[in-house]
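Just so you know, these numbers use all the heavy atoms, side chains as well, and skip hydrogens, waters and symmetry mates. Atoms within each ligand, like the ligands themselves, are counted from 1 in listed order.
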Amino acid sequence: MRALQRLYLRRWTVVLAIGIIWSYVLAYHLPLLPAITGSVIVVTGSAFFRRESIFLRTSPVRVSDPVSPLVSLDSVLKGLPAPVVLLDKSGQVQHFNALAKDLFPSLRVHQHLSGFIRDPDVLEGVAQARASRQPHQVVRYETRAPERHMEITIAWIGPTHGKAPARQATILLYFFDLTEQEALAAMRSDFVANASHELRTPLASVLGFIETLQGAARDDAQARERFLGIMARQAQRMARLIDDLLSLSRIEMRQHLRPQDHVDLNAIVRHVVASLEPVAAKSNISLHVTPLPTAAVVRGDRDELVQVFSNLVENAIKYGRSNGNVWITIKAHGKKFATSVRDDGIGFAEKHRTRLTERFYRVNDNLGERTGTGLGLAIVKHTVSRHRGELNIASQVGEGSVFTVSLEAVSHNARV
Ligand code: ADP
């Protein structure tokens, strides 16, 4: 196959050589035998001699191959994961990729840089790159609506000496989007600020009461009793907050590891309900459990799932109606088990629904006397996601709420 290809590629050389041989036959009566032999040598030689073997000794060894002509600049730009624009030395656009077009919809070839970026730092950076011909400098750049924070690397990619050709890409602009990274950093520092604030409030109250007990209320037995009660509650609140923070960070650390044990949701729900029965009784709330008639086995970590359903049932009691009801139901849906915790309590408005699982998020208008850490649903969300499950939330103000956790079944008989 290769031989035929070579022959085809060298067809004009072969025709020329054979033409010369046969013109000698016709013009000078060259005998037929050498003419035929010569033609055969030309054809077989063209078919079987590789070019490299002819030139191997004479051509110098190449250290690296040049980029294949099949790799165009546009395909390189297309393969880059960030917006890139190439300018010529006068600052006119010569090439750009689709991501750059997404960022600057008005971008087009031959447009001047100032037509799509007016930021003086960027314009100055480009002027400097042109003057100094230095490879890298980084400039910060911000867009409005949608608000994005970028870092632009401006690099001179033209010749370092001599005259740079006109209308050729000599300056590269590489845009690195910092928006998400900065949002994450802000979230982290918000979290630390929130956590310390949540701890500081009860701590300040405990310290205040200690001072009062040491001073003004030293000999007041009645006040001492009352203050100690408040201090105990505040200390419990701090302990709960620390427990929740530790649970959350433990779950986050293992977020990428899916649990391997097999657990039965029926058993977990029964355990949770039994342990929360006394809490529900205090508010006169009845707990109703409808387990699956068959085993509801999922891949999961028993303690973590106990915490998930405890948090949900505790919330249903806490934000439920006194003398109300909480229904805990397990159903099989295809290859999943859906466990829902429903209450007939105060509910919350739709605008809160997607934010409830954020750390420290609380719906102010439905709190009243109830105080939580604001971390319960964040723990639920992270645990469910570690279990590769789904959490659905629905509610109507004044009617109640339903929190449903769907987990993949390991095995079940879909008779419900
Ligand atoms: P908290 O410790 O404050 O209960 P969570 O993360 O468990 O924290 O819940 C966040 C917020 O979601 C609560 O402060 C409350 O406003 C709202 N919420 C949670 N569960 C319910 C529910 N069953 N009914 C109404 N509101 C709820």
Within-shell test, Gly345 vs ligand 1, heavy atom, strictly < 4.0 Å: no
Polar contact flag, side-chain donor to acceptor under 3.5 angstrom, Asp74-Ser72: no
Contact check: Gly376 vs ligand 1, nitrogen or oxygen atoms, below 3.5 angstrom: yes
Backbone or side-chain N or O of Gly347 under 3.5 Å from ligand 1 N or O: no
Check: Ala378 N/O within less than 3.5 Å of ligand 1 N/O: no
Side chain, backbone, both or neither: the part of Phe403 lying under 4.0 Å from ligand 1 by heavy atom: side chain
Ligand-side contact atoms (ligand 1) for residue partner Tyr361, heavy atom cut-off under 4.0 Å: 10 (C), 11 (C)
Aromatic plane relationship, His288 with Trp327 - under 30° parallel, 30 to 60° tilted, over 60° perpendicular: parallel
Cation-pi geometry met for Arg359 and Phe191 (6.0 Å, 45°): yes
Best match, Asp244, Thr373, Val313: closest heavy atom to atom 2 (O) of ligand 1: Thr373
Residues Glu198, Arg362; criterion salt bridge (charged side-chain N to carboxylate O under 4.0 Å, His left out); working and verdict: CA-CA 13 Å; Glu198 294 284 334; Arg362 298 190 190 103; 3.0 Å; yes
Cationic N near anionic O, under 4.0 Å, Asp344 to Arg321: yes
Of the listed options Val402, Asn315, Ile317, Asn311, closest to atom 7 (O) of ligand 1 (non-hydrogen atoms): Asn315
Part of Lys318 within contact of ligand 1 (heavy atoms, under 4.0 Å): side chain
Contacting atoms of ligand 1, where contact means under 4.0 angstrom from a heavy atom of Arg362: 3 (O), 14 (O)
Contact list for residues 205-230, test side-chain hydrogen bond (donor to acceptor under 3.5 Å, both in side chains), sequence neighbours left out: Ser205-Gln234
Ligand 1 versus Val380: contacting region, heavy-atom distance under 4.0 Å: neither
CA sep, side-chain torsions, deciding dist, call: Val85, Leu107, side-chain contact (heavy atoms from CB on, under 4.5 Å): CA-CA 9 Å; Val85 178; Leu107 191 64; 4.0 Å; yes
Counterpart residues, salt bridge (Lys or Arg N to Asp or Glu O under 4.0 Å), relative to Glu182 (two or more places apart): Arg140
